[in-house]
Amino acid sequence: MHNTPVNLSELPIYQKAIEIFALSQSISSYLNEDLSALNEDGSEDANIYFSGDIVQQSVSLAPEIENAERERFSERKYRHVASLKRLTNMLYKNCYRLEKSNSNGKDFLPILRRELKKFKKLQHNWMLTL
């Protein structure tokens, strides 16, 4: 018997993925205001790309959870789980990279990292139910 919730949005990991996406979007918008200005030599701040990366990676969390939940075959299911782990790790690394940026928005990144730690715990528990 498979104990998948009737509604995917009831899963705590899914809810946390949505929260992380919203938080990443807000932080990225805040960072972009500071990082979009050109440097004195006319070059752009390389960290601006990491701010976009956190949004791209966080937007993929919920669909990977959904795909893993809907997949019937365990091999395919665990491909989505592996992808979710990679995304989470990349998000975490990009948070560290952005904390070195020259922006006031970097003060919000520890909040995102804390939420990612909670997500990793939820992810571990969720994987045991698959």
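We use all heavy atoms of the structure for the numbers below, so side chains are in, but hydrogens, waters and symmetry mates are not.
- Here the straight-line distance linking atom CZ of R86 with atom CG of N89 works out to 10.0 Å at 0.5 Å rounding.
- The NZ atom of K118 lies 16.0 Å from the CD atom of Q123; values are rounded to the nearest 0.5 Å.
- No option in E71, E64, E69 other than E71 meets the salt bridge (Lys or Arg N to Asp or Glu O under 4.0 Å) test with R76.
- Shown here for S9 and Q15, the closest heavy-atom pair between the two residues is O-NE2, 2.9 Å.
- Residues R70 and H80 form no side-chain contact, since every pair of their non-hydrogen atoms from C-beta on lies 4.5 Å or further apart.
- The heavy-atom pair separating S28 from G52 by the smallest distance is OG-N, 4.1 Å.
- Among all heavy-atom pairs drawn from K120 and Y92, the shortest one is NZ-CG, 4.5 Å.
- For S101 against L31, the heavy-atom pair with the smallest separation is OG-CD2, 4.3 Å.
- Considering only heavy atoms from C-beta on, K16 stays 4.5 Å or farther from I13 through its side chain.
- Looking only at side-chain heavy atoms (C-beta outward), V55 and S51 stay at 4.5 Å or farther from each other.
- A donor-acceptor contact under 3.5 angstrom links the side chains of R97 and N94, judged on distance only.
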Inset, instruction - Test side chain to side chain contact (heavy atoms under 4.5 Å, CB included) on M90 and D53 and set out the steps. - result: CA-CA 9 Å; M90 287 189 297; D53 288 347; over 6 Å; no

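- Here R114 contributes atom CZ and L109 contributes atom CG; the two are 11.0 Å apart, rounded to the nearest 0.5 Å.
- In this structure, F21 and L61 have side chains that are not in contact, with every pair of non-hydrogen atoms separated by 4.5 Å or more.
- Within the 4.5 Å cutoff, the side chain of W126 has heavy atoms near those of the L84 side chain.
- Atoms CD and CZ, from Q57 and F50 in turn, are 10.0 Å apart once rounded to the nearest 0.5 Å.
- Here the shortest heavy-atom pairing between A62 and A17 reads N-CB, 3.9 Å.
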Legend entry - CA sep, side-chain torsions, deciding dist, call: S26, Y30, side chain to side chain contact (heavy atoms under 4.5 Å, CB included): CA-CA 6 Å; S26 298; Y30 195 82; over 6 Å; no

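- For the atom pair SG of C95 and CG of L116, the computed distance is 5.5 Å after rounding to the nearest 0.5 Å.
- Taking CG of L98 as the start and CG of L112 as the end, the distance is 9.5 Å to the nearest 0.5 Å.
- Taking each heavy atom of I54 and L91 in turn, the nearest pair found is O-CD2, 3.5 Å.
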